[in-house]
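Accompanying notes for the structure given below.
Residue numbers start from 1 in every chain, and the chains themselves are labelled A, B, ... in the order their sequence lines are given, proteins ahead of strands.
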There are 4 protein chains.
Amino acid sequence: MGAATAAISRAAGVAEGTLFTYFKTKDELVNALYREIKLELADAMMSDFPRRASVRERFQHVWDRYVHWGITNPVQHKALQQIMVWDGLTEESRRAGITPFLEIEKVAQAAVAEHVFLDRPLDFIAAAMNALAEMTIEFMRRNPAEADTYRASGFEMLWAAISRKR
Amino acid sequence: MGAATAAISRAAGVAEGTLFTYFKTKDELVNALYREIKLELADAMMSDFPRRASVRERFQHVWDRYVHWGITNPVQHKALQQIMVWDGLTEESRRAGITPFLEIEKVAQAAVAEHVFLDRPLDFIAAAMNALAEMTIEFMRRNPAEADTYRASGFEMLWAAISRKR
Amino acid sequence: MGAATAAISRAAGVAEGTLFTYFKTKDELVNALYREIKLELADAMMSDFPRRASVRERFQHVWDRYVHWGITNPVQHKALQQIMVWDGLTEESRRAGITPFLEIEKVAQAAVAEHVFLDRPLDFIAAAMNALAEMTIEFMRRNPAEADTYRASGFEMLWAAISRKR
Amino acid sequence: MGAATAAISRAAGVAEGTLFTYFKTKDELVNALYREIKLELADAMMSDFPRRASVRERFQHVWDRYVHWGITNPVQHKALQQIMVWDGLTEESRRAGITPFLEIEKVAQAAVAEHVFLDRPLDFIAAAMNALAEMTIEFMRRNPAEADTYRASGFEMLWAAISRKR
DNA sequence: GATGAATGAGTCTTCATTCAT
DNA sequence: GATGAATGAAGACTCATTCAT
């Protein structure tokens, strides 16, 4: 689906048969690709993470890195979106894809404990961030001139959505 | 992709060839399907719309109807998600798919004018609602026992995200 | 195995995809082909069968028709040989392929009852005929000038092998 | 065909590439395998050969060893059957495969000279033995409880087929 | 206008063969 | 000489599309 194995191997710079020495089936390949991209994304988000900054600054860091990665890696970003609505993604891969983001959940956990965030399930908070970031990336891509404005507005929305008012 | 034309025609209760008397290609068919489902969804959201209620009540109405439709129409919802990341969706269809939701944007416009909402692009607000609703539907589907809690929490997030504090 | 689906469809005078509207897999196709050829062979053997002639004459008739069919239908004959040692042939097909030859077994049965044949399992007798006929066909094909001699000698061997001496 | 070179090298306990330092192509390898198995079979048949026994006893010896080898070496036996109907087997290999069996033909030759056998081409006699033995092996394999009966009956058939009556 | 059998380009996958180590 | 990762041609199979009925 989406990409033919011929296209994938071409993109990877290997022969078509080579893919199948590493992955038994295309499904397996796509699942592995999903985890790989998720890891890359997590790396991008967590590098230079300001562990001692305020909750808001830490979230802002993660947000900025996320949307920046989305803009500068359009191919991977597009692939990720398509894989996420694909039927062949295993529950196992889905779980594995979340793992690298647990650091972020920990920050959220602390924020809930400190009454900075409303008391909501952590994965729900993480998913909200994800959803708003994806939608913000889309607007940034379509309107590059206003990209910075969208990035800032998007984060304001997120912060308002998850933090305790006042 | 995703569904073969053979499956689509079977689901539609017509012969395989018949599809192609109405649509020149499958791409055209999928684009039409997209608009069709979007219309259904808009209908579901706007029926019984409380035109005279408060901004918050009107948004709550729309939100509740949206997530309810997503839960009760899983097939269409899934199709929609897949079509939205599909390469063949035309810009024209995308625009047409938004049209039925202009009513909602009008409400948002009024809310901005009345300083109920922050001053943001209306389509950005609409997209935020969409993104949060999709993510909420996902949680409701995976955790039916807590569906109502998620629906309410999701709306609180949305409202906090777009409304002016205090 | 042996023949590619491309070759089979070409031989059948249809497009490659057409095969798969009639058979779900190649295995299924080959199994069907096996039964088909077996039926043809049985037809060839049993047409003009001299139901009232002596046991020997009836066996001679069957023998002559068999080796003649093998010589004049080399493609089908070769296919049959290859399918018979193929792993994908189902037990069901094997049984179905034998059915048209039950008439011959009936003759053998009568011959056993009349003490014309030695008292051996009927399928063993039939298999002996089959084995000797196949080997005879091979010699006839390799040495067309002596074909008639081989056909006659082959039958003498068979008759000696299965009939009661003197 | 039937077995991939990967499987063959695994069975042989060598690396995939190693096969091709000994054989230029798979065809060549299979041809060599054919001769190898034929040699093994000939060895099995001719060991303890009772050179001074009667013609019948010598044939019986060969027959017993043949069917015994077929039963106890199912893999090689199956391979042999498949190679024999395979298109790539060279005429040269076919001839070479027969060579180890010339000893048997010599016995048959003597038997013809002594008027024990009917006057038929020696290779025709050998082929008949082969054909009946193969078919007998099949019955023995499918019905192990009656294996000895089939082996004896099979030989009786063979002897009747090739020896001069009375 | 509706049908569905037939088509063949395109897809995933296998496997004999090569070659750098 | 041995290895096994890499290759790509060839194989089985799918599916959007056509067209005679």
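- In the model, A/Thr21 has no side-chain atom that pairs as donor or acceptor with a side-chain atom of A/Thr18 under 3.5 Å.
- One finds no salt bridge joining A/Glu40 and A/Arg35 here, because no Lys/Arg side-chain nitrogen approaches an Asp/Glu carboxylate oxygen to under 4.0 Å.
- Closest approach of A/Ala32 to A/Phe23, counting heavy atoms only: CB-CE2, 3.5 Å.
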(request) Map every base of DNA chain E to its dot-bracket character, where paired means a Watson-Crick or G-U wobble contact with both distances under 3.5 Å and | marks a partner outside the strand. (result) .||||||||||||||||||||
(request) Using the side chain to side chain contact (heavy atoms under 4.5 Å, CB included) rule, take C/Trp69 and C/Gln76 through it: C-alpha gap first, then chi angles, then the decisive distance, then the call. (result) CA-CA 9 Å; C/Trp69 179 87; C/Gln76 286 92 325; 3.7 Å; yes
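- Residue A/Glu91 places its CD atom among more than 12 non-hydrogen atoms of other residues, nucleotides or ligands, all under 6.0 Å distant.
- Positionally, the nearest nucleotide of DNA chain E for A/Ala3 lies more toward the 5' end than for the other of D/Ala4 and A/Ala3.
- A side-chain donor-acceptor contact under 3.5 Å links D/Ser9 to the backbone of D/Thr5.
- Two residues are said to be in side-chain contact when any heavy atoms from C-beta on lie closer than 4.5 Å; A/Asp87 and B/Lys78 meet this criterion.
- Counting heavy atoms from C-beta outward, A/Asn73 and A/Ile37 have side chains that stay 4.5 Å or more apart.
- Contacts between residues 14-31 of chain B and DNA chain F, counted as heavy-atom distances below 4.0 Å, involve B/Glu16, B/Gly17, B/Phe20, B/Thr25, B/Lys26.
- Side chain to side chain, A/Tyr66 and A/Glu134 meet the donor-acceptor criterion of an N or O pair below 3.5 Å.
- Proximity of C/Phe101 to C/Met45: side-chain heavy atoms (C-beta onward) are separated by under 4.5 Å at one or more points.
- Along DNA chain E, the stretch of nucleotides lying under 4.0 Å from any heavy atom of chain C spans, 5' to 3', E/dA5 to E/dG8.
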